[in-house]
Amino acid sequence: MPTCTDHPRHAQLWPLVLNQTQGPDLAHDGEHVLRVYRWALRLAPEAGADPDLTGAAALVHDLVHIPKEHRDRPLGSERSAEASRGLLASAGYSAAEVAEVVEAVRTCSWSRGLAPTGPIGAALQDADRLDAI
């Protein structure tokens, strides 16, 4: 079973993410992020997605949690995408890689109804759905 330490940049990114995912919502805590991460890595090859970028997207996909009943709930993935920029750069991702991950995270929310715009987003959206069921 893959862990965040299997890839050097994921190992750098995970502690940064963990600091931001320790809220009261168990459906979006660090354990959820790790489950989505593992699913995303398994789905990346079939989706034709880069495993490194897909894993990074999974790690940052829920940085900003908005409660289910809040009117801004549909904006959670967009806010998480924007919040991920600095963390990804700190973990050694280039500007182009950050842009790919941000786009994948921005479009991964199935509750918002957006279709992923690339293979990273497709793998991420499916991984998040698999964890939800």
Side-chain angles (χ1 to χ4, degrees):
M1 180 166 301
T3 66
C4 293
T5 58
D6 292 343
H7 190 283
R9 294 196 293 186
H10 297 171
Q12 290 179 354
L13 187 57
W14 175 238
L16 303 173
V17 170
L18 190 58
N19 286 337
Q20 295 189 29
T21 58
Q22 297 305 309
D25 183 5
L26 295 178
H28 295 91
D29 66 357
E31 291 301 316
H32 162 73
V33 171
L34 285 177
R35 289 188 306 269
V36 171
Y37 172 78
R38 290 181 191 115
W39 274 117
L41 290 180
R42 288 175 68 184
L43 296 170
E46 187 175 325
D50 178 290
D52 177 20
L53 299 182
T54 303
L59 290 174
V60 301
H61 85 282
D62 269 341
L63 285 176
V64 176
H65 175 66
I66 300 172
K68 194 168 256 191
E69 61 280 346
H70 195 280
R71 65 181 171 84
D72 289 343
R73 172 74 170 173
L75 301 177
S77 59
E78 191 167 320
R79 291 182 183 169
S80 290
E82 289 306 313
S84 72
R85 290 181 184 276
L87 299 181
L88 292 162
S90 294
Y93 289 91
S94 71
E97 291 171 322
V98 169
E100 276 191 80
V101 171
V102 165
E103 177 62 11
V105 172
R106 186 186 72 76
T107 61
C108 78
S109 173
W110 40 294
S111 63
R112 190 168 180 198
L114 295 177
T117 58
I120 297 168
L124 175 59
Q125 188 177 75
D126 287 348
D128 199 24
R129 284 181 178 176
L130 283 168
D131 187 58
I133 56 172

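Just so we're clear, the structure is a prediction, and the values are computed from it rather than from any experiment.
Relative orientation of the His10 and Tyr37 rings is perpendicular, given thresholds of 30° and 60° on the angle between their planes.
Hydrophobic clustering, with ILVMFWY side chains joined whenever heavy atoms are under 4.5 angstrom apart, keeps Leu43 apart from Ile120. Note on Leu59: it clusters hydrophobically with Leu87, by side-chain heavy-atom contacts below 4.5 Å among ILVMFWY residues. Note on Leu34: it clusters hydrophobically with Val105, by side-chain heavy-atom contacts below 4.5 Å among ILVMFWY residues. Under the 4.5 Å side-chain contact rule for hydrophobic residues, Val33 and Val102 share a cluster.
Heavy-atom minimum distance, Gly30 versus Trp14: O-CH2, 3.6 Å. Of all the heavy atoms in Pro51 and Ala44, the pair that sits closest is CA-CB, 4.1 Å. Across every non-hydrogen atom of Gln12 and Gly92, the tightest pair is OE1-N, 4.2 Å. In terms of heavy atoms, Ala122 sits closest to Pro116 at N-CB, 3.4 Å. Closest approach of Leu124 and Val36 over heavy atoms only: CD1-CG1, 3.9 Å. Between Asp50 and Leu53, the shortest heavy-atom distance links the atoms OD1-N, 2.8 Å.
Put simply, CD1 on Ile133 and CG on Asp128 are 11.0 Å apart, with the number rounded to the nearest 0.5 Å. In this structure, OG on Ser94 lies 8.0 Å from CD on Glu100, to the nearest 0.5 angstrom.
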**OP:** Please test His61 against Gln125 for side chain to side chain contact (heavy atoms under 4.5 Å, CB included), starting from the C-alpha separation and ending with a verdict.
**Re:** CA-CA 10 Å; His61 85 282; Gln125 188 177 75; over 6 Å; no
**OP:** Dump the intermediate steps for salt bridge (Lys or Arg N to Asp or Glu O under 4.0 Å) on Glu82 and Arg79, then the final yes or no.
**Re:** CA-CA 5 Å; Glu82 289 306 313; Arg79 291 182 183 169; over 6 Å; no
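Taking 4.5 Å as the limit, some side-chain heavy atom of Asp131 sits within range of a side-chain heavy atom of His32.
Side-chain atoms of Ser80 come within 3.5 Å of backbone atoms of Val64 as a donor-acceptor pair (strictly under, hydrogens ignored).
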